[in-house]
Amino acid sequence: MAARGLGMKFEGYDMLLNACIKKRAFREGQRVHAHMIKTRYLPHVYLRTRLIILYGKCDRLRDARNVLDEMPEKNVVYWTAMISVYSQRGFAFEALDLFVQMLRSDTKPNEFTFTTVLCSCTGTLGFEFGRQIHSNIIKRTLDTHIFVGSSLLEMYAKAGRIHEAREVFESLPEKDVVSCTAIISGYAQLGLDAEALELFRRLNLEGMTSNFVTYASVLTALSGLAALELGKQVHNHVLRCNLPFHVVLQNSLIDMYSKCGNLIYSRRIFDNMPERTVISWNAMLVGYSKHGMGGEVVELYKLMRNENKTKPDSVTLLAVLYGCSHGGMEDVGLKIFDEMMKGNDGVEPDIEHYGCVVDLLSRAGRVEEAFEFIKRMPFEPTAAEWGSLLGACRVHSNIDVGEFVGRRLLEIEPENAGNYVILSNLYACAGRWEDAGMVRDLMMEKAVKKDPGRSWIEIDQTLHSFHASDRSHPRWEEVFAILKKLSI
DNA sequence: TTAGGGTTAG
């Protein structure tokens, strides 16, 4: 469309650039650009924008920026295209910085610019900046624009300000599938699963249309509640809708079944997928790991490596190491970590991987080795690593290491009641009653309280929540009988 | 010509 009436050369360049954008073909795109320069062709504004988009899609941010910088006069479309490139590639600071430069150049942002720039308003500073942008948006009466509004509510939700997100959502005069999904997902991502489902129910009654993204978000909320029956209903509904294959939705189903404890269903979905992403593999590996199925984890990881179609990432290795640790396969886990250190997996170990190794050694009762490993780590150990070791010291009654680790933990996180309890129990185990009492006194002094652990169960599509020794629920006897049957 | 929602871990 844009090519009409602008000459053959324009049409040719337009066609070539669009093909390069589609295929993310950097080299070919660069050759098209070079041809324009060699033949002294002055590209139309449209083609310059396409060049920015092309370089952005090919991850060549410097080249994209050069196209922008070389323009003698920049209009709002150029600026927005470049801000969008930064934003989509995760360069939030650069996106906001360019937005400021745009304002300084007296170019007025439009609804496209606001929609784009709000995606980069993350983190404390980004959020503060986003709030100022919100004021500006209100002044320009763009806050009820469906695209701008969706980006605004997402910014608030990502900052944990769900009430403000909801206000923006409710104030939208018209809601579409994206804005509805954004608010449902906002609740789900903050762990407000019941609220997410309630809103989904309400919006459905009001005639909302759902698509595969909506169902993926709803499944996230159901996973958080471990609501298997409702999850099955959503799955059946999705099947009845005959939606085309979407890897994201299938990944959500794998995760939902795994979090609800049904690994057989998860694996069935995984096996039947015509294509998988690294997240599909990770969801399945995490499922096995969390259920202590070390053998399945290692077997699936081998399959992934043998297939050689999907590269493992940091989460893959975390899941594998975690699975080995919880599945009693410490030697295999240590070997895999060793391969990581040699660079054979293409993933550089970070502190969380080191933490898994501490956990591997701790759970295997190799307390002294775990202690030495922590001391040699190239990272400053956090409460997570010390915490794994303290638990192991308690289980394996290692008072010497445990005392050091426990004291260290009380310094790092004095508000964590669990550490006081474990240290006190450790002293008690060793017959050091005075020290055990002292730790309990310290707990009282600091007003630290241990919350009772909670568990929940789904009966007839209703979730019932309990804490230890809780008999206040009207149906507790029924639940108790079920738990007894399940040996929980 | 530039725009919004999604899946794994923590």
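In the text below, chain A, chain B and the rest are named by the order of the sequence lines, each starting its count at 1.
- Contact of A/S252 with B/dT7 (side chain to base): no donor-acceptor pair of N or O atoms is detected under 3.5 Å.
- By the 4.0 Å N-to-carboxylate-O rule, A/R24 lies too far from A/D59 to be salt-bridged with it.
- The base of B/dG4 sits with one of its N or O atoms less than 3.5 Å from a complementary donor or acceptor on the side chain of A/D176.
- Put simply, CG on A/L118 is 14 Å from P on B/dA3, counting in whole angstrom units.
- Side chain of A/A283, nearest nucleotide from B/dG10, B/dT8, B/dA3: B/dT8.
- Between A/S84 and B/dA3 there is a side-chain polar atom (N or O) within less than 4.0 angstrom of OP1 or OP2.
- Taking the charged nitrogens against the carboxylate oxygens, A/R202 and A/E198 have no contact shorter than 4.0 Å, which rules out a salt bridge.
- Identified under the salt bridge (Lys or Arg N to Asp or Glu O under 4.0 Å) test for residues 117-136 of chain A, with sequence neighbours left out: A/R131-A/E164.
- Of the candidates B/dG4, B/dT2, B/dG6, the closest approach to any side-chain atom of A/S185 belongs to B/dG6.
- Within the 4.0 angstrom heavy-atom criterion, base atoms lie near A/V177.
- In terms of phosphate contacts, A/Q189 brings no side-chain nitrogen or oxygen within less than 4.0 Å of OP1 or OP2 of B/dG5.
- Residue-level contact check: A/K74 touches neither bases nor backbone, having no heavy atom under 4.0 Å from any strand.
- A donor-acceptor contact under 3.5 Å is not formed by the side chain of A/S151 with the base of B/dG4.
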